[in-house]
Amino acid sequence: MSRTLPTIVHLDADAFFVSVEQVLNPSLRGKKVAVGGRDRGIISSASYEARACGVYTPMPTSQALRVCPGLILISGGHGRYAEFSKKLFDICESVTPFVERRSIDEGFLDLKYCGFKTTQEVETSMRALQARIMRELGISVTFGLATNKLVAAIASKQNKPRGFTLVPPGDEQKFLAPLPASVIPGVGKKTEVLLKANGIERVSDFLIHPPEKLRTLLGSACPGFLAAARGEDDSEVVTECDEAKSYSRQETFSKDISDFPEIVRITKGMIDELMACIRADGKRVRTLTVKVRYPGMEDESAGRSLREATDLEAPFYPLVEELLRTAWRQRRRPLRLAAVRFSGIGEESPMLDLFAGDEERKRKLAGVADALNLKTGGGIKHGHQVKRPSA
């Protein structure tokens, strides 16, 4: 890994879900907007105007609407986020093939093989990339540049939105020193309280604290925290298809419900949404897991695998009722939430049986429906997605 140039870049899209919604509907720009579930859902993304009013992620939606009465709430979930994410990282890969996609809106770039000879060349190239993403996609991103992934990731969090923070080689420890101890990976809320009670509030405090006391406080994790405080990290940018190992979706109900057919309908609807994303990613899945949550926040789940991986919804529909009955062990209790997760990603189906032709026709039909839904915002629905009228 090059230590003479800041060739590791951390990219972090700004309020990604909201930014995509603002591209799709420019009238939302500059307004207090959030993407999240209604009623008892949570906020998954908030515009910076909304954040200025106290909205943050993951805040309960009900609380967000209280602290920001004029908040424009969007449910999202229409499949366009994956499309924008793919375009974002495709642009990055036009600069370097060494791109690690950490999540839908965050990743690392490794520039060490790009032939840059000076820090100025690196900065000029990355500022051009930042501007290109904004020009072509309409969404802003923040960059952190450093000699390693740890420092680059921390740097990208310092000047959002539209930030650009470059940590010169050799200045890693100096850059980290004044920052709060919580920027170090592994320092969660409980550890932060423990550290503060022992006089460790900033990263620099790790290095001036008596080593014996640190070991007593942090145990076997102590060497890792000290290395991070010095700005040391040898982890590589991973480019081998480290894509999502699962696809998941959940829905928190507006009120606790025990209507089994309605929960089946909702669960199948989540399957439909996820399968459109799976097809868009060119993947197939084999395992379906259904999770339920009771009002007391206890979770239970059940899963089943198909014999072969598929990118079609229909093979999973017959599993839904069985899995819900298995997971929902305490049937007298209503449910607060239901969720589905697909795993077993990327397993190719051999498609050697007599019905391969029929399967391919179904796949083409599903692809047409996906394309039309992208244009109409979800106008084509399966029969089970239509909510039953109240009695």
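Just so you know, these numbers use all the heavy atoms, side chains as well, and skip hydrogens, waters and symmetry mates.
- The side-chain tip of Arg127 points at the ring of Phe164 from less than 6.0 angstrom away and within 45° of straight on.
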*Report the C-alpha separation of Lys86 and Asp90 in whole Å, then their side-chain angles, then the decisive distance to 0.1 Å, and conclude whether the salt bridge (Lys or Arg N to Asp or Glu O under 4.0 Å) test is met.*
CA-CA 6 Å; Lys86 182 178 185 303; Asp90 284 350; 2.9 Å; yes
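- A salt bridge does not link Glu192 to Lys196: none of the charged nitrogens lies less than 4.0 Å from a carboxylate oxygen.
- For Arg293 and Phe253, the positive end is not near the middle of the six-membered ring at less than 6.0 Å and at most 45° from its axis.
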*Please test Phe342 against Phe316 for ring-ring contact (aromatic ring centres under 6.0 Å, His included), starting from the C-alpha separation and ending with a verdict.*
CA-CA 10 Å; Phe342 283 114; Phe316 290 102; 4.8 Å; yes
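- For the 3.5 Å distance criterion, the side chains of Thr124 and Gln120 qualify, holding a donor opposite an acceptor.
- Aromatic ring centres of Phe108 and Phe98 lie farther apart than the 6.0 Å criterion allows.
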*Would you please test Arg102 and Glu106 for salt bridge (Lys or Arg N to Asp or Glu O under 4.0 Å) and show each step?*
CA-CA 6 Å; Arg102 291 295 298 272; Glu106 179 186 3; 5.9 Å; no
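- Asn148 places a side-chain N or O within 3.5 Å of a backbone atom of Gly231 that can act as its donor or acceptor partner.
- The existence of a salt bridge linking Arg304 and Glu322 is confirmed by a sub-4.0 Å separation between a basic side-chain nitrogen and an acidic carboxylate oxygen.
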*asked:* Quick one, Lys32 with Glu49, criterion salt bridge (Lys or Arg N to Asp or Glu O under 4.0 Å). Give me CA distance, side-chain angles, the key distance, then yes/no.
replied: CA-CA 5 Å; Lys32 301 167 186 174; Glu49 293 80 7; over 6 Å; no
*Run the salt bridge (Lys or Arg N to Asp or Glu O under 4.0 Å) check on Glu93 and Arg101 step by step: do they pass?*
CA-CA 11 Å; Glu93 288 176 352; Arg101 307 186 185 202; 3.2 Å; yes
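- Asp281 and Tyr247 share a side-chain donor-acceptor pair at under 3.5 Å.
- Side-chain atoms of Ser125 do not come within 3.5 Å of backbone N or O of Glu121 as any donor-acceptor pair.
- A donor atom on one side chain and an acceptor atom on the other are not found under 3.5 Å apart for Asp12 and Ser156.
- Salt bridge status for Glu313 with Arg279: present, with a side-chain N to carboxylate O gap under 4.0 Å.
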